[in-house]
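Chain letters run A, B, ... following the sequence lines, proteins first and then strands; every chain starts at 1.
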Protein chains: 2
Amino acid sequence: MNDRRREPGQASGQTSGQTSLADIAAEAGVSVSTVSRIANGDLGRASAATVAKVQRLIAERGYRPNPVGRSLRGGDSRLVAMLAPNLDNPAMAAIAASTEAALRAAGYVMILCDTHDRPDLQDEYLRAMRSRFAEGFIVVSAVASPELEASLDRREPIVFVNRRNPYGGGPFIGIDNRQAGADAADHLLACGVRAPAVIHPADLSSTIRERVEGFLDRLEERRPGLTVRRCDGPGGNHLDCGYAAAKRLTADGGWPDGILCPSDLMAYGLFRAAGEQGVRIPDDCRPVGIDDNDLNDWIAPWLSSVKIPYQRFGDAIVTSLRDLRAGNSVGEVLLPHRLVRRQSGPAMAEDPA
Amino acid sequence: MNDRRREPGQASGQTSGQTSLADIAAEAGVSVSTVSRIANGDLGRASAATVAKVQRLIAERGYRPNPVGRSLRGGDSRLVAMLAPNLDNPAMAAIAASTEAALRAAGYVMILCDTHDRPDLQDEYLRAMRSRFAEGFIVVSAVASPELEASLDRREPIVFVNRRNPYGGGPFIGIDNRQAGADAADHLLACGVRAPAVIHPADLSSTIRERVEGFLDRLEERRPGLTVRRCDGPGGNHLDCGYAAAKRLTADGGWPDGILCPSDLMAYGLFRAAGEQGVRIPDDCRPVGIDDNDLNDWIAPWLSSVKIPYQRFGDAIVTSLRDLRAGNSVGEVLLPHRLVRRQSGPAMAEDPA
DNA sequence: ACAGTTTAGGCAAACGTTTGCCATGTTCAA
DNA sequence: TTGAACATGGCAAACGTTTGCCTAAACTGT
């Protein structure tokens, strides 16, 4: 008889206060192994009586396996890390919300990390999450970084969202950005726009580049020889960037009658610049965005935008992650987008200026 | 000599691939204890030579203590759980972003959980996080739930944000909601509003109730006897709620010339209802919100709103959490708000209808 | 009656860390 | 010379779990 065995019913952890396998085992008068097996559904290894007794105790005491012990043992941690460039961006919040729900439904817990689009922070989080035994990584708008490269080398399960793997390959969830740009071009032409323009951040991510290229290519295809004015703004925040780029674009040459803003936030920046200059949106200048922030329906009725189905990203991400962990080769998932037309604003006061 | 000791340099974990104490110990030819002590800065327990050798190896191999092992041991997990009612709400995203940054600066990692304002999910996350040895909880807009009550009983460190502890007491981070409501009232009166109104969700949280009461009390104080129209909308999403409440309010009695929307999202809902009915905002009806979403500066120039300094919440939360864990008694922290006046929209097309 | 198989369940190692206690060896004072 | 004090560092338990292997006892077939 093991006299070091904990007394039945005595609380175990000074730390957690939760009932542990040992508690149940002591109370049932069986070994920890037996309880562990029964708790994990291996019912063939004990007598029916024992199984019943242990199951009753598990239910009674509300035993739930401790994930930390499991992690340490090398089992599953049920932890997935999501690295996002900035939580402030409504698009990121939408992705985070949908992913969180999908992960929870699949029995996982999500750790959300804000990388501020900085390689060093991305690396720090990659390391921190690895040592917490995260079972997978979701990297939204990844940037190239040493630790990411290392993770890829070790074949850790990483799903890229929105922006492709900077080192190439790997599962990707997003939309057909070139097509989205082309759709935006079609929309502007359909609206009778004659002299379209485009603004974008100075440092082009793959995502933005594809959108802009898709836009320009489609215009060239349908209106050969048409010159499309193009201007960039300082990187970082897309709001500021859109504002600055719009001002730069229009400083010489005035306002175009239609313009692609490759993200909704840039369109918001442009909207502010227009307001300051008394330019009417969308009458004087018709913007088309990409993202279609949910708030558009409420407060940006002047913005037509390509809707990216962020609510559907969660499921796609979790599916890819599972396939990846199962060892299947996983490719790109391009979810369907569609342009949402908004023709006009609600009645608003005109600028008194 | 312990022949079961791992060979120096040999990778330890099939699981993590990280260098462990045992790796360093084997390579240095000392025991795990010694390495642990040196790694934790206890330099008095080993000779200078040993310390130097071990420190060199730690640096060389990039050893970082495994947080899971630490957690299990009962040490600190450096994990803090934040429970938020819905990530979609820009205000939540702002709080999450600022808290994440503050926690990271303090050496913590944040787990973000979306409770969808549901008591059962709040409980599930509370349990899950406790068994992951979370060192603290940040509950944004808490709802009453059995597990929350249990957590409070066990004196677990919980900081309440935005909405007070439904069971009373405990640290709280927020603003003076009554004062915010009063400020909104002053603003409307200063704008010459004669017949103010207010809309709010049908099920009033403490937060919203305080705002509305502060508003009404101030109006009564400054304009005794003035009747203020008041209408509620279905709970849940504040956007839909604001929309529905605005329609209900104006269905009989028409539009007021000024109105308190106790959250920006409700104001957005009202804006849409106004647009649909050709009512000009803010000329025909002047709304005042509370939150002051960052996007307002860009796309809602018609909305004056009480700015809640969400970027400053993070530091306040972390400070409270630390005090709480240190055993100090921690009270409420009311951060300063201020009303942001926006007079008019930019030039926009009038509704062609 | 005896060998072989099944049933029931315990032992112990492993994951990575921390820490109280013990075991050497050296130095120093009386 | 003999303790005592100190320096240096190892042992082992503990946190909670999982699982390969082992050991009894009971049963089966001949």
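OP1 or OP2 of C:dG9 lies within a sub-4.0 Å distance of a side-chain N or O belonging to A:Thr50. Contact annotation: A:Thr34 does not reach the phosphate of C:dG9 (side-chain N/O to OP1 or OP2, under 4.0 Å). Listed pair A:Ser47 / C:dG9 meets the phosphate criterion, a side-chain N or O lying under 4.0 Å from OP1 or OP2.
C:dC15 atom C1' lies 4 Å from atom CG of A:Leu72, rounded to whole Å. Put simply, CZ on A:Arg132 is 16 Å from P on C:dG16, counting in whole angstrom units. Atoms CZ (B:Arg70) and C1' (C:dT19) sit 13 Å apart, rounded to a whole Å. D:dC15 atom P lies 18 Å from atom CG of B:Asp76, rounded to whole Å. One can place CZ of A:Arg37 at 10 Å from P of C:dG9, the figure rounded to the nearest angstrom. Atom CD1 of B:Ile24 is separated from atom P of C:dG16 by 13 Å (rounded to the nearest Å). Rounded to an integer number of Å, the gap from B:Arg130 CZ to D:dC15 P is 19 Å. In this structure, A:Lys53 places its NZ atom 14 Å from P of C:dA8, rounding to the nearest Å.
Using modelled atom types, one finds no donor on one side chain facing an acceptor on the other under 3.5 Å when comparing B:Ser98 with B:Gln311. Side-chain contact check for B:Ser145 and B:Asp123: at least one donor-acceptor pair (N or O, by modelled atom type) lies under 3.5 Å. Looking only at atom types and distance, the side chain of A:Ser33 has no donor-acceptor partner in the side chain of A:Ser36 under 3.5 Å away.
Other residues, nucleotides and ligands contribute only 12 or fewer heavy atoms inside 6.0 Å of the CZ atom of B:Arg322. Environment of CZ in B:Arg78: crowded, with over 12 heavy atoms of neighbouring residues, nucleotides or ligands closer than 6.0 Å.
In this structure, B:Arg45 reaches the bases: a heavy-atom distance under 4.0 Å links it to at least one base atom across the strands shown.
Of the candidate nucleotides C:dT19, D:dT19, D:dT17, D:dT19 has the atom nearest to the side chain of A:Ser33.
In terms of position on DNA chain D, the residue among B:Gly69 and B:Val32 whose nearest nucleotide sits closer to the 5' end is B:Val32.
Residue-to-nucleotide contacts include no donor-acceptor pair under 3.5 Å from the side chain of B:Ser20 to the base of C:dC15.
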